[in-house]
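Notes follow once the structure below has been shown.
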Amino acid sequence: MEDPVTLCTGQTYERSNILKWFSLGHCTCPTTMQELWDDTVTPNRTMQHLIYSWFSQKFLVMKKRSEDVQGRAIELLENLKKVKGQARVQTLKELRQVVAAHSTARKAVLDNGGTALVSSLLGPFTTHAVGSEAVGILVNLDIDFASKSNLRQPAKISLMVDMLNEGSIETKINVTRLIEMLMEGSDFENENLSSLSLLVGLLRLVKDKRHPNGLLAGLGLLKSICSHESVRGSVVSIGTVPPLVELLPSLNSECLELALYILEVLSSIPEGRLALKGCASTIPNVVKLLMRVSEACMQLALSILWAVCMLAPEECTALAVEAGLAAKLLLVIQSGCNPELKQQSVELLKLCSLNYTSTIVISECKLTRTIQ
């Protein structure tokens, strides 16, 4: 309450609410349902004073806690300049916990040169214990351009890749998120991106069924990497396509769109198309998604099917029609989908009809005599 008032029944209400009650034609007390013999509302000064006192105390506690958090973050940064060994790990751990939990601590770290200090701890001789805590801090900060450039040094990236392959699941996720942050708005060196250790570690994270929480972060970074055309061949060469295809039926909408984007981008190169064709689950798994997912996902799925079917029209269109593609395409064409999606479906249906007899296509579509 901000403006408590009391009725003749002794009950207290917020002024605006009880006046609204009266305006609706009620002449009773909402709590007791007694008929009011007097509709006067009297300001409840005691209640108002109690509310003000309670709020003031809460505000002071919150303000003090905020100041304490900022002070503690600055104190930890000062300690980092002095301590080494296990004490450094412990200081970083506490700073990571404070930064993750409080926006005021993040601001204090940024305002007091914390990004540069923590970044300086990453290098060729950094232990994984120090590195994982440092990365855990950095992923929670709004890193500026200069700090990103510093973190892109080969020695620092090499340490991150090592931790991606050997660290705990939390460390792997944090490393993945940090590398993706470093790629934003920059020409990340292709040799860093095409490092087989990085790609293999990333694929392991995506495939790790024991820790599904790493899947979204892994797919996100893989998508960013695949946007660099020169790296796509390396991504295919480490065997990325089959596990992604097998994952499709079990993915949530966010992960599914990322996975389809990656497969669609890889289908733009010959090695990617061969890998997709060579995976027995590609056509059935992608066909099943049609009319069950968002338009963005359907567009990616149709593009993948087109790339595979164009590679070996007779063989692949036969498999696609058997998997129910023709019927799905007709549903897309007749639906309220966007025109581009419908046109994609039309072209794919034409390709199927060119490499399949009309009688079989019609029977597979289960059409009525009139529509035939």
Side-chain angles (χ1 to χ4, degrees), residues 59-164 166-189 191-193 195 198 201 217 220-221 224:
F59 177 76
L60 288 172
V61 168
M62 286 168 64
K63 186 179 177 186
K64 185 174 186 304
R65 187 180 298 157
S66 174
E67 289 169 351
D68 287 348
V69 166
Q70 284 181 303
R72 184 59 182 150
I74 294 167
E75 185 184 342
L76 289 167
L77 286 174
E78 288 303 313
N79 288 347
L80 266 183
K81 297 172 183 176
K82 308 167 194 169
V83 295
K84 292 184 178 179
Q86 191 55 38
R88 174 177 285 177
V89 175
Q90 196 55 43
T91 304
L92 283 166
K93 184 176 183 179
E94 189 177 342
L95 183 60
R96 174 177 60 79
Q97 291 168 343
V98 171
V99 162
H102 303 281
S103 58
T104 50
R106 292 193 284 277
K107 187 176 185 306
V109 169
L110 290 168
D111 292 346
N112 290 273
T115 307
L117 176 60
V118 174
S119 299
S120 70
L121 301 177
L122 299 174
F125 305 110
T126 304
T127 64
H128 283 198
V130 168
S132 62
E133 296 298 344
V135 167
I137 294 165
L138 292 168
V139 292
N140 284 292
L141 301 178
D142 186 10
I143 305 174
D144 59 34
F145 182 80
S147 299
K148 283 183 179 180
S149 298
N150 177 265
L151 285 165
R152 290 188 200 111
Q153 292 177 35
K156 296 183 189 294
I157 295 294
S158 179
L159 172 67
M160 292 181 211
V161 171
D162 285 346
M163 291 192 291
L164 175 62
E166 300 171 19
S168 66
I169 185 62
E170 184 182 6
T171 299
K172 289 178 180 181
I173 292 170
N174 284 337
V175 165
T176 301
R177 287 172 55 206
L178 182 58
I179 293 175
E180 189 171 7
M181 285 167 64
L182 297 180
M183 288 181 67
E184 289 172 4
S186 74
D187 294 325
F188 206 26
E189 295 296 324
E191 55 264 31
N192 288 329
L193 288 178
S195 153
L198 169 60
L221 179 54
S224 298

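Here the straight-line distance linking atom CG of Asn79 with atom CD of Glu94 works out to 8.5 Å at 0.5 Å rounding. Of the inter-residue distances, the one linking Thr115 atom OG1 with Leu110 atom CG reads 4.5 Å to the nearest 0.5 angstrom. To the nearest 0.5 Å, atoms CD1 (Ile169) and CG (Asn174) are separated by 10.0 Å. In this structure, CG in Leu92 is found 9.5 Å from CG in Leu77, a value given to the nearest 0.5 Å. Atom-to-atom distance recorded for Leu178:CG and Met160:CE is 4.5 Å, nearest 0.5 angstrom. The CG atom of Leu95 sits 11.0 Å away from the CD1 atom of Ile74 when rounded to the nearest 0.5 Å.
Contact detail for Ala217 and Arg177: the closest heavy-atom pair is CB-CG, 4.5 Å. For the residue pair Val135 and Val175, the shortest heavy atom distance occurs at CG1-N, 3.8 Å. Closest approach of Ile137 to Leu141, counting heavy atoms only: O-CG, 3.5 Å. Ile143 and Lys148 get closest at one heavy-atom pair: O-CE, 3.6 Å. Across all their heavy atoms, Met183 and Leu221 have their closest contact at SD-CD1, 3.6 Å. Heavy-atom minimum distance, Val161 versus Leu198: CG1-N, 3.6 Å.
Side chain of Asn150 to backbone of Ala146: no donor-acceptor contact under 3.5 angstrom is found. With hydrogens and angles disregarded, a donor-acceptor distance shorter than 3.5 Å links the side chain of Thr126 to the backbone of Leu121. Arg152 contributes a side-chain N or O that, together with a main-chain N or O of Leu182, makes up a donor-acceptor pair within less than 3.5 Å. Using modelled atom types, no side-chain atom of Glu78 and backbone atom of Glu75 make a donor-acceptor pair closer than 3.5 Å. For Lys156 (side chain) and Ser119 (main-chain N/O), a donor-acceptor pair under 3.5 Å exists by modelled atom type.
Shown here are the side chain to side chain contact (heavy atoms under 4.5 Å, CB included) partners of Glu166, two or more places apart in sequence or in another chain: His128.
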Inset, instruction - Determine, step by step, whether Leu76 and Arg72 satisfy the side chain to side chain contact (heavy atoms under 4.5 Å, CB included) criterion, reporting the C-alpha distance in whole Å, the side-chain angles of both residues, the deciding distance to 0.1 Å, and the verdict. - result: CA-CA 6 Å; Leu76 289 167; Arg72 184 59 182 150; 3.6 Å; yes

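Of the candidates Leu117, Leu122, Val118, Ser120 forms a side-chain contact (heavy atoms from CB on, under 4.5 Å) with just one, namely Leu117. Test Asn112, Thr104, Val109, Asp111 against Gln70 for side-chain contact (heavy atoms from CB on, under 4.5 Å) and you get one pass: Thr104.
Contacts classified as salt bridge (charged side-chain N to carboxylate O under 4.0 Å, His left out) and involving residues 123-144 (residues at least two apart or in different chains) are given here: Arg96-Glu133.
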